[in-house]
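Input: a single structure, listed below in C-alpha cells.
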Amino acid sequence: MIDINLLRENPDAIKASQRARGGDEALVHQAVSADELWRRELLAFETLRAEQNASAKLVGAASKEDRPALIEAGKLLADKVKQASEAADAAKTALDAIVWQIENVVIEGVPTGGEENFVVVKEVGTKPNFDFEARDHVALGELLDIIDIERGTKISGSRFYFLKGWGARLELAMMNMALDYAAKNDFTALITPTLVRPEVMAGTGFLNQHADEIYYLPADDLYLTGTSEVALAGYHRDEIIDLSEGPLRYAGWSTCYRREAGSAGRDTRGILRVHQFNKLEMFSYIDPVDSEAEHAKLLAFQEAMLQACELPYRVIDTAAGDLGSSAARKFDAEAWVPTQDQYRELTSTSNCTTFQARRLNVRFRNAEGKTQTAATLNGTLATTRWLVAILENHQQADGSVRIPEALRPYLGGQEVISPKVSAK
RNA sequence: GGAAGCGUGCCGGAGCGGCCGAACGGAACAGUCUUGAAAACUGUCGUCGUUAAUAGCGACCGUGGGUUCAAAUCCCACCGCUUCCUCCA
C-alpha cells in the first residue's frame, strides 16, 4: 500500500510511477478525492461522537428526575452518530479500495516499458563451449539416475519429479551452502510454514494478481505458499520491530508450491518450471533510507552464490511494467542454459520499500523514537531450478557432471557425478 | 475428537455497564543523590487517526457483529491459547 501522505503531498510522483508501469493514472485522482471525502465524513462523525460522549456522561451524573429527558436526547444523538459513522466507514472503504489498487512507486532509474524492456546490468563468466553434443538436464538426469521425471509424473502428474541419489544430495548441498553463506552474512535461518491463512496470503498481496497461481485447501481454508516470502513478510506482522542494531535479516527455507495455471505448455520439459520445489529466500527488514543499499547487497549475495556454483550469468534491471505491484525495483540474475541457448532466471530480488510493510503493519522506532514503517526486501539465494544450470554447464563428454568446488564439502568431497557412480 | 478455562498496554496482572485508555507491580527512559555504579526517591512511560499542533477531539482492552442514552465490562459468532481426557508422526 502506498503512503497516504505522499498521495496528499505529491500526487504527481505517484502518477508518474503509474505511468512508468503502464498502470492506471486515473486512480490517483480518484484516490485524492476519495481521501478528501473520507476526511470530511470522519470529521463530521467525530464531532457528533464527541457530543454523544459528553451527553452520555451527563446521564451518569444526573439526578433521577433529570435522567429520562437526557436519555431521550441521547437516543436522538445515537441515531445521528450511527448514520455519520456508517458514512465515514463507507468513505474509508471506498478510499481503501482505490488506494490498494495503486502499485508501489518505482524507484528513479528503473527502466520504463514492459517485460522486454529490461536493461542488462552486467554479464559475468564464460559460457561453456562444448566440443560434443550437449545433453539437456533431462537427459543428464536420466543418464545419471538423479532426476526421475517419469515416476514423478506417475504419482503426481505433470510438472512433478523425484530427485534421486546425487540429485537429491546435490540440492541439499546447494541449500546448505547457501544457508551457511547467509548465516555468515547476518541472516537468521528460518524454516517456515507453507500453509497459511487467507489473511496472511492476502496481506502479502499474492491473492490479487496471482490468485490462480496458488493452491488452496478448502477443507481447511488454508493456502499453500509459492514462496517463503509469504511467511517471512508475515513474520513481523503488526509488530514494532527493533532496528536500532541494524536490519533484521532472515534466510527462509521452504518447499514452494505453484499451480503454474497461466503457463500451460511453457517449459514443460524437465524441472525448470514445476509445481513443487525448494527455495532458500533472503528477507530483510530495514530502515527505508538504507533499502537501496540493502538491495545492492542482496544482489551481491546472489552473485556470490552463482559464482560459487561457477555459472555464467547476467543481471537484469527489470522494467517498471514488469514489476510486481509491491516492488519498487527488481533485479533478476539469469544463468546461461546451454541447450536452450539463452539465459534463464535463477534469482530475483525486489526492493518493496515500505509498500509491503505498510500493508502488513510492520514498523520500527526511528532515532527520534517515533514509529515509522519499515522497508522490506527479498531475494532468492538458491532454488531447485539451479540444478538445471549446474548440470548443463558442468557436463562432460561422457555425460558425467563436474561438481563445482565450493559444493564439494557439502557432498562428502565428491567431485564428479558419473553414470557409473550413482549413489545408493 | 470430548471437557473446562482464558484472551487487557513492553511484561505480569486488576477491572466485569457510566467516575476506565484502563488500578497495582515489574521493565525501560530521564532526573535527584553518588567519585562512579547499585539502592532509594521524583518524573516520563501504548498505538492509530484527524489536525499547523507532543492543543483539542475521535478510535482501539483477541477479531467481527449485536443490545444500550452509555460496553474492556452484557449477548452472539469466529480466531487463538492453556489444562485435562482421547489419540498419537
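Residue numbers begin at 1 in each chain, while the letters A, B, ... track the order of the sequences. FYI, side chains are in, hydrogens and waters are out, and symmetry mates aren't considered; it's all heavy atoms of this structure. Model, not experiment: these values are computed from the prediction.
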Position toward the 5' end of RNA chain B (nearest nucleotide), A:N5 or A:R365: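 In this pair, the answer is A:R365.
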Earlier contact from the 5' end, RNA chain B, for A:E51 and A:I71: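 So the residue in question is A:E51.
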Range on RNA chain B touched by chain A - first to last nucleotide, heavy-atom distance under 4.0 Å: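 Range of nucleotides within reach of chain A: B:G18 to B:G80.
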Which value, in whole Å, describes the distance between the [atom1] atoms of nucleotides [N] and [M]?
{"N": "B:A59", "M": "B:A72", "atom1": "C1'", "answer": "14 Å"}
{"N": "B:C24", "M": "B:A14", "atom1": "P", "answer": "15 Å"}
{"N": "B:G15", "M": "B:U67", "atom1": "P", "answer": "28 Å"}
{"N": "B:A23", "M": "B:U8", "atom1": "P", "answer": "16 Å"}
{"N": "B:G66", "M": "B:U73", "atom1": "P", "answer": "14 Å"}
{"N": "B:G18", "M": "B:A70", "atom1": "C1'", "answer": "6 Å"}
{"N": "B:U54", "M": "B:U47", "atom1": "P", "answer": "13 Å"}
{"N": "B:G65", "M": "B:C60", "atom1": "P", "answer": "11 Å"}

Partner residues of A:K330 under the side chain to side chain donor-acceptor pair (under 3.5 Å) criterion, sequence neighbours left out: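 A:K330 satisfies side chain to side chain donor-acceptor pair (under 3.5 Å) with no other residue.
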For A:D186, all residues meeting side chain to side chain donor-acceptor pair (under 3.5 Å), sequence neighbours excluded: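 With sequence neighbours excluded, A:D186 shows a side chain to side chain donor-acceptor pair (under 3.5 Å) to A:R249, given in chain and number order.
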Sequence-distant partners of [X], ring-ring contact (aromatic ring centres under 6.0 Å, His included), two or more places apart:
{"X": "A:Y181", "value": "A:F301"}
{"X": "A:H137", "value": "none"}
{"X": "A:F355", "value": "none"}

A:S348 side chain to A:D332 side chain, donor-acceptor N/O pair below 3.5 angstrom: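 Note: A:S348 and A:D332 side chains meet the donor-acceptor criterion.
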Between A:Q52 and A:R49: side-chain donor-acceptor atoms closer than 3.5 Å: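 Their side chains do contain a donor-acceptor pair, which is all the 3.5 Å distance test asks for.
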Identify whether any heavy atom of [X] sits under 4.0 Å from a base atom; if not, whether one sits that close to sugar-phosphate; answer base, sugar-phosphate or nothing.
{"X": "A:E72", "value": "nothing"}
{"X": "A:K57", "value": "nothing"}
{"X": "A:R8", "value": "sugar-phosphate"}

Dot-bracket encoding per residue of RNA chain B, Watson-Crick/G-U cut-off under 3.5 Å, | denoting interstrand: ((((((((.[[[..)..(.....]]].(((((.......))))).(((((.....))))).[[[[[..)....]]]]])))))))....
Contact list for residues 374-384 of chain A, test side chain to side chain donor-acceptor pair (under 3.5 Å), sequence neighbours left out: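 Matches after skipping sequence neighbours: A:E171-A:T384, A:E229-A:N378, A:Q356-A:T376.
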Pairs touching residues 249-270 of chain A that satisfy ring pair (Phe, Tyr, Trp, His ring centres under 6.0 Å), sequence neighbours left out: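 Found A:Y235-A:Y250, A:H236-A:Y250.
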Side chains of residues 71-98 of chain A: which donor-acceptor pairs under 3.5 Å do they make with residues two or more places apart or in other chains?
from, atom 1, to, atom 2, distance (Å)
A:K92, NZ, A:D96, OD1, 3.3
A:T93, OG1, A:D89, O, 2.8

Check: A:W166 and A:L411 side chains under 4.5 Å, non-hydrogen atoms: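 Of all side-chain heavy-atom pairs linking A:W166 with A:L411, at least one is under 4.5 Å.
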For A:R8, all residues meeting side chain to side chain contact (heavy atoms under 4.5 Å, CB included), sequence neighbours excluded: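 Checked A:R8 against side chain to side chain contact (heavy atoms under 4.5 Å, CB included); matches are A:I4, A:N5, A:D35, A:W38, A:R39.
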Nucleic acid contacts - residues 36-49 of chain A versus RNA chain B, non-hydrogen atoms under 4.0 Å: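 When residues 36-49 of chain A is checked for heavy atoms under 4.0 Å from RNA chain B, the hits, listed by number, are A:W38, A:R39, A:L42, A:F45, A:E46, A:R49.
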